[in-house]
Each structure stands twice: as C-alpha cells, then as structure tokens.
Amino acid sequence: MSDIIRRDPRAEWIARNRLHPLHAAMQPAQHSWMGPNGLIRKNPHGIGFIGPNGIKRIDRSGAQQGGATKRSAAVEVQLPLHQVPAPAFYISVVPDMVGGRLSSHDRDLLGLAHQLAGKDGAVLAVIFGEHKENTFATAGVDRLLVLEGDEFSGYAPEQRVQGLRAVDNQFSPRHWLLPDSRSGGGELGRRFAAALGERPATRVWQVKDQECIGRAGAGLQDLARPVARLILAAAECAEPVSETRHEALPVELSTTVARSLSRIEDLGAVAVDPAAIPMAEAEFIFSGGNGVKDWGLFHRTAEALGATEGASRVAVDDGFMARDRQVGASGTWVTARVYVAVGISGAIQHLQGIGACDKVVAINLDPGCDMIKRADLSVIGESAEILQALIDAVEAYRNEAKRDAA
Ligand SMILES: Cc1cc2nc3c(=O)[nH]c(=O)nc-3n(C[C@H](O)[C@H](O)[C@H](O)COP(=O)(O)OP(=O)(O)OC[C@H]3O[C@@H](n4cnc5c(N)ncnc54)[C@H](O)[C@@H]3O)c2cc1C
C-alpha cells in the first residue's frame, strides 16, 4: 500500500450534505481528541444524526457516538438498494459509452430516466459491443441489455437502429432517452426516430410537469412541448443518480437482430496530430497556466502523452501559448474526457470553460486553490518535477509494452 492520501470527492460531498441518507455514515469516527495544550476537545457536530425529516436527533444510548457504527469517508458504504421486481414499464437509455465507459452525459440521462420511471418503472440501459464499465449499479441501471457482435462495433448506426427496433418490439419502453451528443447519440437518436416514424424532442435540457424543454433557434430559444416518447437530451438535463444502488440485472433479446447492409464502411480510427484537433473537439487536453515554469518541458510532456495543448489566459497573455489555445469564458469552452490543468489556479472564467469536461486532473502547488476543488484527481507539487516524472512514467510504460510485444 502506498502512503499517498487519496481523496474521494463524492464521499466528501456526502459528508457535507446533511440531508443525504449516508451523511451520518460519512462522519469522521473521532469525536474527541487531545488538543495541543492537553485539553480534551469535542466535535459537537459529530454527535447525533439527521432524521428522515431533516431534524437533528441525538441517540442517548451512546451506541451511535461510540464509533462502532461510525464510518469515515474512506470506508466504502453500501447505498440503499432500489429494486423493481416486476417493472410496470421501461424507460430505455442508450448511453454513448465513449471509451467503453459511462460519460457524465450518460449518467445525467440515467438520472433523468429515474425521474421518469418513478417507483414502478425500470431503467433499461442498452449497450452495444464490449465495454469496460463496472458502475452500472450505482449509475442507476435496473436492467442491462448488451447487444454483442462485431456488426454493432465501430461506426454502425444502421445496424444499431435495427438493434434498437428489436428492443422496442420486445420491451415497448414508455420513453427512449439518448444523449444529444456528437459522440453518436445525436445521430443514432435521429436515425432511430426516422425508423420509428416518430418526432423526437431534441436538445432537451429539462423534463418537468409533462413538458420537455429543448433549445431551438441556433440555441437562442427554448422550445417547450409535451413529453415525447423519444428524447434526445443535453448534458446536465438532470442530476445523476447518487443516493441509491440498482440491480443492473442482465436481460436478453428474445429475437435475433436483422442484419442491415451497411452503406458505410468503417475503416477505423485515423492517427491525427493532437495539435491539429480543434480545442472544442479534443478528447484529451493538457493545459498550462502561470504555474508552468519550463514551457519546453510542458510541450514535451503534451507530446509524450499525445494530448492537445490548452492554456489559461495568463499563459496566452504572457505569450507562451497561441490565442486559439485559450480555454475559458473568453476562449474556448471545451468538452474533453480528460482535462489536465498544470499550474492553473481555477479562476471562475477558466472553470466556466471546462464545465463539461468529464475528468479533471490538477497539478498545482496550492492544495487550497479552486482548480484542486474542481479536480477529480490532484497532484500537489512543483509542476516541473511532476511533468518530468510523468514523461519518465510514460516512457517506462511504452518500453515495457515494446518489450512484451517483442
Ligand atoms: C473578462 C475576463 C475574462 C477572462 N477569461 C478567461 C478565460 O477565458 N480563460 C482563463 O484562463 N482566464 C480568463 N480570465 C482570467 C482569469 O480571471 C485568471 O486571471 C486566469 O485564469 C489565471 O490564470 P492562471 O490560473 O494560469 O494563473 P494564476 O491565477 O496566477 O495561477 C497560477 C497557479 O499556478 C500555481 N503555481 C505556481 N507556481 C507553481 C509551480 N511551480 N508548480 C505548480 N503550480 C504552481 C499557483 O498555485 C496558482 O494556483 C478572464 C478574466 C476576465 C476579467
């Protein structure tokens, strides 16, 4: 076991949220300790628990304060299990699964699906081909249908539509939810709507009171309409599931999916120069700010990682990076799956630009800065040392892979 302290931002969030059902379980086990001058100190906030109606209760039996039932944020806790033994209806979600994993956009959709499913409905996730995801249960999947086979892999929208039609015939979902994204859901959803002959609600950002509201008119207007069966939803359309655990029971299709003759041949991914990828489309961005002291080393690290370079406004204003690389409110709003911020403090204008990024990694000297608060993973230290260590680690990894292949 390494002695590196690893943070769990979700557990910390639950520990701060006094109305969360797991709040009590996330409180630190220590309620009294010896202060520096020998006096015993007590944490008055650690005593008691929040009842179901939000009022604080004190358990005078002592059992609750004894620490035996208390768990710290580092201990894994079981969320309450939500079961739907006999679903009255289904809400189907087709996640993008970029890189074989649920994206934050996919998770928002699963949250929306649970709003629509209520207590009686089940959320059915339909996945194509192989995946690497193991958190379907905590993301809110009640039933999981994996459509396996080479015909579904790669870019195969026509075949996927056939698969979705087979699911539609068998499960007759009350609603279909797809991410309205460039990663596949936007196109697949529109093709599927055409195949069903139904009008989808597109770019939906809210579903409420039997109405869905989507963006229209070049994104300048809202369009409200009765809830459609097929909803193509934007990111942040709902809160992701965070308070329950689900069964993610595997289900299968009872019929075989008809093969469609594809008019498009997928020749696979093409290697491109990361520097040539427009910032708004880059999946992996390595961004530098005022805390970067050795720009040569920064460029070498970005190259070793195969990442697209980005920058804070200060780095651009100081002439270290080109203006088109600026990330933020007055630069580009990026949607990378991984965003690494090196020596960037996390000013609000910068954070606005990375709001849609999936995983943020911060490298910074200041553990209290806003970028560290936003980050999913933080490395505290001198940027030059960390970048050099990163290059060494990447090279060692590649050399090992080469040796194994030889
Ligand atoms: C109208 C307006 C629009 C703006 N638009 C944008 C925008 O689009 N994008 C944008 O980025 N900014 C924008 N800004 C500027 C923004 O407010 C901040 O000033 C800027 O983002 C700060 O850049 P920085 O984090 O690189 O620098 P700093 O705020 O100086 O932060 C440097 C960070 O590096 C760390 N550090 C220092 N030395 C080291 C080291 N050796 N190793 C590791 N870490 C180190 C420090 O702890 C600090 O956190 C805008 C401002 C205004 C007023």
Side-chain angles (χ1 to χ4, degrees), residues 2-7 9 12-13 104 182 215 218-220 234-236 274-395:
S2 96
D3 54 1
I4 296 173
I5 296 169
R6 301 214 179 265
R7 290 176 47 201
E12 288 173 10
W13 169 70
S104 58
R182 276 182 281 172
R215 299 301 283 164
L220 298 175
E236 296 180 21
I277 302 174
M279 293 289 291
E281 288 173 21
E283 290 274 295
F284 180 18
I285 298 179
F286 191 70
S287 212
N290 204 14
V292 173
K293 304 296 171 204
D294 182 346
W295 282 94
L297 180 63
F298 174 83
H299 297 309
R300 286 201 298 285
T301 319
E303 197 185 339
L305 294 171
T308 303
E309 289 185 2
S312 74
R313 179 159 160 181
V314 170
V316 171
D317 287 350
D318 288 350
F320 293 114
M321 295 287 281
R323 181 65 61 193
D324 67 348
R325 296 285 120 187
Q326 182 183 319
V327 174
S330 53
T332 307
W333 293 51
V334 295
T335 55
R337 278 188 51 81
V338 178
Y339 184 84
V340 185
V342 187
I344 300 180
S345 58
I348 182 68
Q349 295 88 354
H350 193 90
L351 293 182
Q352 280 172 345
I354 62 169
C357 290
D358 216 5
K359 294 279 180 258
V360 174
V361 181
I363 299 176
N364 205 300
L365 271 180
D366 175 8
C369 73
D370 288 329
M371 184 57 85
I372 301 269
K373 289 180 193 148
R374 163 68 174 86
D376 299 274
L377 177 73
S378 308
V379 190
I380 313 294
E382 169 64 44
S383 61
E385 279 171 27
I386 294 161
L387 297 193
Q388 189 54 55
L390 206 50
I391 295 182
D392 295 345
V394 171
E395 281 175 0

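Order of appearance sets the numbers: ligands from 1, and atoms from 1 within every ligand. As a basis for the values below, the full set of heavy atoms in this structure was taken, side chains included, without hydrogen atoms, waters or symmetry mates. Start at 1 with the first residue, then count along the sequence.
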Enquirer: Can you name the atoms of ligand 1, numbered from 1 with element, that are less than 4.0 Å from a heavy atom of A347?
Expert: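 Atoms satisfying the 4.0 Å criterion: 16 (C), 17 (O), 18 (C), 21 (O).
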Enquirer: Distance to 0.1 Å, residue and atom name: give those for the protein heavy atom nearest to atom 28 (P) of ligand 1.
Expert: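 Checking every protein heavy atom, the shortest distance to atom 28 (P) of ligand 1 gives S345 OG, 3.7 Å.
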Enquirer: May I ask you to check whether C369 has an N/O atom sitting below 3.5 Å from an N/O atom of ligand 1?
Expert: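 It does not: no N or O of C369 is found under 3.5 Å from an N or O of ligand 1.
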Enquirer: Closest by any non-hydrogen atom to atom 43 (C) of ligand 1: pick that one out of P367, G368, G381.
Expert: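 Minimum heavy-atom distance to atom 43 (C) of ligand 1 goes to G381.
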Enquirer: Do F284 and V340 pass the side chain to side chain contact (heavy atoms under 4.5 Å, CB included) test, and can you show the C-alpha distance, the side-chain angles, and the key distance before you say yes or no?
Expert: CA-CA 8 Å; F284 180 18; V340 185; 3.8 Å; yes
Enquirer: Tell me, which protein residue and heavy-atom name are nearest atom 26 (O) of ligand 1, and how many Å apart are they?
Expert: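 Ranking protein heavy atoms by distance from atom 26 (O) of ligand 1, first comes S312 OG, 2.6 Å.
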Enquirer: Return the closest protein heavy atom for atom 7 (C) of ligand 1 as residue, atom name and distance.
Expert: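 Looking only at protein heavy atoms, the one closest to atom 7 (C) of ligand 1 is Q326 NE2, 3.1 Å.
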Enquirer: Taking only heavy atoms of D366 into account, list the atoms of ligand 1 that are under 4.0 Å away from them.
Expert: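 Under 4.0 Å from D366, ligand 1 has these atoms: 47 (O).
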Enquirer: If the cut-off is 4.0 Å to any non-hydrogen atom of V327, which atoms of ligand 1 fall inside it?
Expert: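 Numbered from 1, ligand 1 contributes 7 (C), 8 (O), 9 (N), 10 (C), 11 (O).
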Enquirer: Return the CD1 to CZ distance between I363 and F286, rounded to the nearest 0.5 Å.
Expert: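 Nearest 0.5 Å value for the CD1-CZ distance: 5.5 Å.
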Enquirer: Please state which protein non-hydrogen atom is closest to atom 1 (C) of ligand 1 and give its distance, to 0.1 Å?
Expert: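 For atom 1 (C) of ligand 1, the nearest protein heavy atom comes out as R313 NH1, 4.1 Å.
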Enquirer: Measure the spacing between CG of N290 and OG of S312 and express it to the nearest 0.5 Å.
Expert: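 Interatomic distance, N290 CG to S312 OG, rounded to 0.5 Å: 6.5 Å.
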Enquirer: So which of G328, S330, S287 gets nearest to atom 6 (C) of ligand 1, if we judge by its closest heavy atom?
Expert: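 Shortest heavy-atom distance from atom 6 (C) of ligand 1: S330.
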Enquirer: Looking only at protein heavy atoms, identify the closest one to atom 53 (C) of ligand 1 and say how far it is in Å.
Expert: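 The protein heavy atom lying closest is Q349 NE2, 3.8 Å.
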Enquirer: Under 30°, 30 to 60°, or over 60°: which ring-plane class applies to Y339 and H350, parallel, tilted or perpendicular?
Expert: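 Y339 and H350: tilted rings.
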Enquirer: About how many Å separate CD1 of I391 and CG of L305, when rounded to the nearest 0.5 Å?
Expert: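 The CG atom of L305 sits 8.0 Å away from the CD1 atom of I391.
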Enquirer: For T301 versus L297, what's the shortest heavy-atom pair and its separation?
Expert: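 The answer is OG1-O, 2.6 Å.
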Enquirer: Does atom CD of Q388 have more than 12 heavy-atom neighbours, drawn from other residues, nucleotides or ligands, at distances under 6.0 Å?
Expert: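 Enclosed: over 12 neighbouring heavy atoms sit under 6.0 Å from CD of Q388.
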Enquirer: Between V360 and M371, does the side chain to side chain contact (heavy atoms under 4.5 Å, CB included) criterion hold? Intermediate values first, please.
Expert: CA-CA 9 Å; V360 174; M371 184 57 85; 4.2 Å; yes
Enquirer: Starting from atom 42 (N) of ligand 1, find the nearest protein heavy-atom neighbour and note its residue, name and distance.
Expert: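 Going by distance alone, atom 42 (N) of ligand 1 is nearest to S383 N, 2.9 Å.
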Enquirer: Salt bridge check: are D318 and R313 linked by an N-O gap of less than 4.0 Å?
Expert: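 No, this pair does not count.
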Enquirer: Which residue holds the protein heavy atom closest to atom 22 (C) of ligand 1, what is that atom called, and what is the gap in Å?
Expert: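 Among all protein heavy atoms, the one nearest atom 22 (C) of ligand 1 is V314 CG2, 3.5 Å.
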Enquirer: Would you check whether G343 has a nitrogen or oxygen atom less than 3.5 angstrom from a nitrogen or oxygen atom of ligand 1?
Expert: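 N/O-N/O distance under 3.5 Å: yes.
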Enquirer: Counting only heavy atoms closer than 4.0 Å, does ligand 1 sit against the backbone of K293, its side chain, both, or neither?
Expert: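 Near ligand 1, K293 shows its side chain, while the N, CA, C and O stay back.
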Enquirer: Less than 4.5 Å apart, side chain to side chain, heavy atoms only: is that true for M279 and T308?
Expert: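 Yes, their side chains come closer than 4.5 Å.
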Enquirer: Among I354, T332, I344, which one satisfies side chain to side chain contact (heavy atoms under 4.5 Å, CB included) with V327?
Expert: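 Per the side chain to side chain contact (heavy atoms under 4.5 Å, CB included) rule, the option paired with V327 is I354, out of I354, T332, I344.
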Enquirer: Students should be able to answer this: which protein heavy-atom is nearest to atom 44 (N) of ligand 1, and at what distance?
Expert: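 Scanning the protein heavy atoms, the shortest distance from atom 44 (N) of ligand 1 goes to L365 N, 3.2 Å.
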Enquirer: Applying side chain to side chain contact (heavy atoms under 4.5 Å, CB included) between V342 and each of V292, N364, V361, L390, report the one that passes.
Expert: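 Exactly one pass, corresponding to V292.
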Enquirer: Any atoms of ligand 1 less than 4.0 Å from a non-hydrogen atom of E382? List them with their elements.
Expert: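 Answer, ordered by atom number: 41 (N), 42 (N).
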Enquirer: Side-chain contact, heavy-atom cut-off 4.5 Å: I348 with D370?
Expert: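 In short, these two side chains do not touch, never coming nearer than 4.5 Å.
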Enquirer: Among N364, D294, N290, whose heavy atom sits nearest atom 46 (C) of ligand 1?
Expert: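 The nearest heavy atom belongs to N364.
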Enquirer: Quick check on contacts: which atoms of ligand 1 are under 4.0 angstrom from a heavy atom of G331?
Expert: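 In order of number, 8 (O).
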Enquirer: Checking the N or O distance criterion of under 3.5 Å, is ligand 1 in contact with A329?
Expert: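 Indeed, backbone or side chain, A329 has an N or O that close.
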Enquirer: Would you mind telling me if ligand 1 is within reach of the side chain of Q352, the backbone, both or neither, using heavy atoms under 4.0 Å?
Expert: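 Near ligand 1, Q352 shows nothing, with every heavy atom at 4.0 Å or more.
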Enquirer: Name the option, out of G289, G288, G291, A315, that contains the heavy atom nearest to atom 38 (N) of ligand 1.
Expert: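 Heavy atom nearest to atom 38 (N) of ligand 1 belongs to G291.
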